[in-house]
Every structure is written in structure tokens, then in C-alpha cells.
K.L.:
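Sharing a structure with you now.
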There are 2 protein chains.
Amino acid sequence: MARTGRPRNFDRDEAILKAMMLFWEHGFESTSLAQLRAVMGDISAASFYAAFDSKESLFREVVDRYIATFGQATATLIDSSLAPREAIEQALRSSAKMQTEETHPSGCLLVLSASTCSFENVHIREMLTKERALTRSRLFDCIQRAVSNGELPASTDITMLTAVFETFLLGISTQSRDGISFATIDGAVTQVMGIWDRLADSA
Amino acid sequence: MARTGRPRNFDRDEAILKAMMLFWEHGFESTSLAQLRAVMGDISAASFYAAFDSKESLFREVVDRYIATFGQATATLIDSSLAPREAIEQALRSSAKMQTEETHPSGCLLVLSASTCSFENVHIREMLTKERALTRSRLFDCIQRAVSNGELPASTDITMLTAVFETFLLGISTQSRDGISFATIDGAVTQVMGIWDRLADSA
DNA sequence: TAACTTCTGGATCGGATAGTATATAAATAT
DNA sequence: ATATTTATATACTATCCGATCCAGAAGTTA
């Protein structure tokens, strides 16, 4: 049975995608309700709040959507059918590829859209901090798996090696914003993966 | 001869330092005039504008001050008395040390304080982009010097190797914000410098 | 058709925003 | 002493912010 009431005359899913592009480019606080309503097809404030409750609630939906789509660049990290090294290398290369694409804002939304914010929105920043922590723990698990496998020596400092790849991964956001090409970053990934190989050889 | 007129009853230099801490923590746009005036000793709006002209003008002064102080963590990059490798290693370790200190906001002000902003403040973001480009060119020159010296092979892809170190350097900001310790990042620096050594060995 | 549900247009809310006007206070210069 | 210069306190703009209220429009259900 179809739902009752007057149907909304804009595409909610499409509106979230448009909102994502704004939040991605300008960040949570610097994106205004007026801008959001404009890209959603000049909908009224009433329509906006009826559909999304609040700016913050919309942002949470946007983050979820981002993770389910563009954020899948790091999905290889939880694919246990891949060798840990390949999982990490693919996560780095796919992230570099995605973040430098010109069909959407550059860099990573989870890194850039609330890197700084006002006191009253600290919880928004912490929300993204938690998402990054999730990626970090997946990286950690990947490396731990390699140590268990014997691909990396038992003496490997997993926390430190996680930092090697994660620091580089996070840096791609600002590099992309600064206009560094995919080819250049991809070449850098090759060098960073050399760190893994050198540690593996010493096993 | 002393300057005429009623003397200002707050320390302008100290006020800039206080402003720096706010901009560093919350970013340019999310730091309000009211907050700035409060940390400057509850000065009036009139006093603020008499001393600094505008929020934007104050921010430019803050950036200059930051570069002259905390930003000196990367100063080794332009010290030609240092071997290129040592210059870069020191820049990375000093940056990691500075950015994780707990006496001021974590991360780098030049990376975090305007990573995203509204449309009307793009020039603020671009100002910081230019500062990062300066660091990048210094990194580039450092590596180029090593190639000229023969420390690195003539076949070295300087742009790519610049990206290796710069991407890592930029990533330290978010890592610091996420609470990763200096010891962990410093250990990661050691691994990243191994990339240099492997390239140097193949010379 | 009548009741019900949901969305929309338009006006509006209180509060925060960066910035300014005016008059006065506090110093130096002559 | 008087003029000049600069900073202050106080009051005040105009605008934008996210969010809400209400009446009516546009559907479905019974």
C-alpha cells in the first residue's frame, strides 16, 4: 500500500547527493541552509525540515551515503580474500584515484568537512574522527593479519606501521585539494608500498 | 620620539598569539569576533577594529606570526648547510613534534584552519594553499639538490618523491588531531626516510 | 464525498554575525 | 594651556543564521 499524504515534489536521494557535494566542498559549518535548499531545487525551508529534520541530521545522512559510495575506495581493507599488502595498496591507489577525480570535490569528505569547527559543533567533528578511527583499525587489522600470516616479521611494530599508511592516506586529501595529480600521488604510493616490501624481506 | 595619542590598554602582540590559538583550533570562519575579543581581554569591538582593521586582516597577521614561530619546524628545508636528507628528516620530525605538543592546538594551522570554507572566503583558503606550495617547492629544491649532489640517482622522479614526503607531512595534521602520539608518528618518519635510503643505494 | 495525512509557500522567529558611529578619555606636541 | 592624535566605551547597524508557524495544496483511505 502506497503511503498517504501529499507527495514530496523533489527527489530526496538526489537532494542528499547534491548536499554531499556542498558539504564536501565547503565543509559542514560553511555550507548554509540557503545553499542546500538552492541546490535541492529551491525548495522551501519547510520542505527542507520536513524531509531532513535539521542541517545536522542531513549531514549524518550525507556521511552515511559518502561511506557507502565514494568511501568504498578503502573497502579492500576488510576484504579478507585479499592479501593484506594488496588490500592496503589498493586502498591507497583507489583513494588517490577517487580523491583526484574532477566529477566531485577533491579530497576526502571525512577528512576535510569538519577538520575544524566551532565549539558548539565538536560532536560533528568527533563523528568524523570516529569514522577515521574505523579505517585506522581496519588498517591495523590488515597489518596484524600479515604478521600472523608470516608476511611481515613478528617483531613488526603494527601501530607504527599503521601510522605510516594512515598518515599518507590522510595527506592525500590536502594534496588533492592542492592540485597534485593522480599520477604523482600514485607514484608516491609505489614508494610507500616499498616500505612494506623492505620489512617483508627482512622477515 | 614616542607616538602620540592615547595608548592602547592591551598587548597587541599577546592578542595576536591568543587569536592564533583560536584560529588554529577552530579555523578562520568558525572563530567569531566575540571569541577573539574575549581572549584578548574582553576588548570592545571598536578597540578590535582600531587595532586590526578586520577579522581577515588579523588572520593574515596570525598566519605570518605562525610561519615565523611554530611554522619554523620546516625551516631546515632551506638550510643549505644541511645535507638534503637530514633537512627533510628534521623537517618531518620537528613538525611531528610540534604538531603533537599539548601546549597549543594540534596539527598545522596552515593545513587545518581553512581546509574548507564558504564561497566568499576562497581567497583565505588560497592564501594558505600558497603557503603550502612554498613548503612544497622547498621540499622539491631539497630533493633536486640531492640529485645534483649525486646523493640520489639522476633518474629520480623529483616531483613524485616530493609528493611522498609532502603527503606524509600533510597527513601529520589529521593524525595529530586524531590523537596519534609523537612516538608513533616519529617511528613512521623513520620508515618513510627508508624510502630515501633505498633510492640512494640504487644510485 | 469526507476524513486523514503529508508536503509546500510564505512569513517570521530570536539570536548571532561582522562591522560602524559618536562622543569621550588619555596620551603627546607646540 | 591648547591643539592634535589615538584609543576607548557605548550604542547601534544591516545581514545572515538555523529553525518554526500556519494556512492551504495535493495526495490516499474509508
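Keep in mind that this is a model prediction, so the values were computed, not measured.
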K.L.:
How close or far is atom C1' of C/dA16 from atom CG of A/N121, stated in whole angstroms?
P.N.:
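Value for this atom pair: 14 Å.
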K.L.:
By nearest nucleotide on DNA chain C, pick out whichever of A/E120 and A/F10 is the more 5' one.
P.N.:
A/F10
K.L.:
Would one find a side-chain N or O of A/N9 under 4.0 angstrom from OP1 or OP2 of C/dT8?
P.N.:
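For C/dT8, OP1 or OP2 has a side-chain N or O of A/N9 closer than 4.0 Å.
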K.L.:
Would you say that A/V39 contacts A/M21 through its side chain, given a criterion of any heavy-atom pair below 4.5 Å between the two side chains?
P.N.:
no
K.L.:
Between A/I43 (CD1) and D/dG18 (C1'), how many Å, whole number?
P.N.:
14 Å
K.L.:
Are A/E14 and A/R8 ion-paired here, with the side-chain N under 4.0 Å from a carboxylate O?
P.N.:
no
K.L.:
So, A/E86 and A/T76: side-chain donor and acceptor under 3.5 Å apart, yes or no?
P.N.:
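Result is no, nothing qualifies.
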K.L.:
Does this structure show an ion pair linking A/R65 with A/E61, if we count only N-O contacts that are shorter than 4.0 Å?
P.N.:
no
K.L.:
Above 12 or not: heavy atoms from other molecules or residues under 6.0 Å from CZ of A/F10?
P.N.:
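For A/F10, atom CZ is crowded (more than 12 foreign heavy atoms under 6.0 Å).
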K.L.:
Given side chains that start at C-beta, do those of B/L58 and B/M40 come closer than 4.5 Å, heavy atoms only?
P.N.:
yes
K.L.:
Between C/dA16 atom C1' and B/L36 atom CG, what is the distance in whole Å?
P.N.:
14 Å
K.L.:
Using only side-chain N and O atoms of A/S44, determine if any of them is under 4.0 Å from OP1 or OP2 of C/dG10.
P.N.:
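No, no such contact exists.
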K.L.:
In whole Å, what is the span from the CZ atom of A/R12 to the P atom of C/dC7?
P.N.:
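Atom CZ in A/R12 sits about 10 Å away from atom P in C/dC7.
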K.L.:
Determine, for nucleotides 18-27 of chain C in 5'-to-3' order, which nucleotides have protein heavy atoms under 4.0 Å from the base (write B), from only the sugar-phosphate (write S), or from neither (write -).
P.N.:
SBBB---BBB
